[in-house]
Amino acid sequence: MLNAIRVFCLFIFATVFHWAFASLFARWGISANMILVFVAAFCALLKPSLAYSISFLCGLFLDFFSAKLFGNNAFTFTVCACLICNIVDRFDFDELFPQMVAVFGLSWLAGLLNTLLVAVFASSSAWPGFGSMMGGAILNAIFAPWVFWITRKIVGSSSLRRQG
């Protein structure tokens with residue numbers, strides 16, 4: 001029960017930081033997605049079955065408050081979770097560089113996939129622009145080590161942690 005409370009607290013922490021950073025950096029036209037950074041940390045640190053579930057729920061949570069196509073974030077975050085869960089054994093996510101590179105790549109993947117989904121299924125354009133995407137990806141990558149560290153500290157050595 002305590003482990004579930006820890007994960008729920010991380011989710012609340014992620015949503016607060018997402019809206020704080022999204023609101024703050026929207027003034028400069030930067031599309032920061034802090035929940036995506038937390039999803040990457042969840043996938044690198046938690047058991048895969050839990051990481052997939054949390055990733056889907058984080059995306060679904062964003063979809064409830066989005067004016068775009070419903071379900072695109074849930075699908076995108078699940079795809080990102082599949083990618084991270086499959087490369088976690090090949091990269092050392094205890095180091096800063098793999099964390100930052102993975103989050104930078106995921107930010108671009110999520111942005112492009114969301115844009116493609118909206119274009120195909122809603123017949124509209126949701127491209128935020130190259131500058132906004134690049135700024136958001138860089139910002140997400142800069143905050144990735146901090147997010148991984150806080151996630152590692154809160155999860156600790158619980159039974160939810162990935163083995164190996």
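The structure presented is a predicted model; accordingly, all values stated were derived computationally and were not measured. All values below come from the heavy atoms of this structure, side chains included, with hydrogens, waters and symmetry mates left out.
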side-chain contact (heavy atoms from CB on, under 4.5 Å) for Cys43 and Val88? Distances and angles first, verdict last.
CA-CA 8 Å; Cys43 293; Val88 75; over 6 Å; no
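- To the nearest 0.5 Å, the span separating OG on Ser55 from CG on Leu83 amounts to 11.0 Å.
- Cluster annotation: Ile138 and Val101 are assigned to distinct hydrophobic clusters (Ile/Leu/Val/Met/Phe/Trp/Tyr, side-chain heavy-atom contacts under 4.5 Å, transitive).
- Within the 4.5 Å cutoff, the side chain of Val39 has no heavy atoms near those of the Ile54 side chain.
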Assess whether ring-ring contact (aromatic ring centres under 6.0 Å, His included) is satisfied between Phe70 and Phe64, documenting all intermediate values.
CA-CA 7 Å; Phe70 185 78; Phe64 279 118; 5.4 Å; yes
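- Between Val155 and Leu45, every side-chain heavy-atom pair lies at or beyond the 4.5 Å cut-off.
- Under the 4.5 Å side-chain heavy-atom criterion for ILVMFWY residues, no single connected hydrophobic cluster contains both Phe91 and Phe97.
- Judged purely by atom type and a 3.5 angstrom limit, Asp63 uses its side chain to pair as donor or acceptor with the backbone of Asn73.
- In plain terms, the two heavy atoms of His18 and Ile35 that are nearest each other are CB-CG1, 3.4 Å.
- Contact record, Gly136 with Ile30: N-CG2, 3.3 Å, taken as the closest heavy-atom pair.
- The backbone N or O of Leu113 lies less than 3.5 Å from no partner atom in the side chain of Thr76, so there is not a single donor-acceptor pair.
- Note that the CZ atom of Phe17 and the CD1 atom of Ile12 stand 13.0 Å from one another [nearest 0.5 Å].
- Both Phe13 and Leu50 sit in one connected hydrophobic cluster of ILVMFWY residues. Membership requires side-chain heavy atoms under 4.5 Å apart, directly or through other members.
- Hydrophobic clustering, with ILVMFWY side chains joined whenever heavy atoms are under 4.5 angstrom apart, groups Leu10 together with Leu57.
- Taking the side chain as every heavy atom from C-beta outward, Asp94 and Arg152 approach each other to under 4.5 Å.
- Closest of all the heavy-atom pairs between Val37 and Ala144 is CG1-CA, 3.7 Å.
- Taking the six-membered ring where the residue is Trp, Phe143 and Phe21 present perpendicular rings, their angle passing 60° and hence far from 30°.
- Remark: Leu139 CG to Phe25 CZ distance equals 4.5 Å, nearest 0.5 Å.
- With a 4.5 Å cut-off on side-chain heavy atoms, Leu109 and Cys80 count as touching.
- Using modelled atom types, one finds no donor on one side chain facing an acceptor on the other under 3.5 Å when comparing Asn33 with Asn140.
- With a 4.5 Å cut-off on side-chain heavy atoms, Leu62 and Phe77 count as touching.
- Among residues two or more places apart in sequence or in another chain, the ring pair (Phe, Tyr, Trp, His ring centres under 6.0 Å) test is passed with Phe61 by Phe11, Trp19, Phe65.
- The distance from the CG atom of Leu106 to the CD1 atom of Ile84 is 4.0 Å, given to the nearest 0.5 Å.
- Counting only distance, with no hydrogens or angles, the side chain of Ser132 and the backbone of Gly29 share a donor-acceptor pair below 3.5 Å.
- Ring pair Phe38/Phe42 is tilted by interplanar angle, where 30° to 60° counts as tilted.
- Closest non-hydrogen pair, Gln99 versus Pro145, comes out as OE1-CA, 3.1 Å.
- A continuous path of hydrophobic side-chain contacts links Met34 to Ile154 [ILVMFWY only; heavy atoms under 4.5 Å].
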Test log, rule ring-ring contact (aromatic ring centres under 6.0 Å, His included), inputs Phe56 and Tyr52
CA-CA 6 Å; Phe56 178 79; Tyr52 290 135; over 10 Å; no
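- Proximity of Val103 to Phe148: side-chain heavy atoms (C-beta onward) are separated by under 4.5 Å at one or more points.
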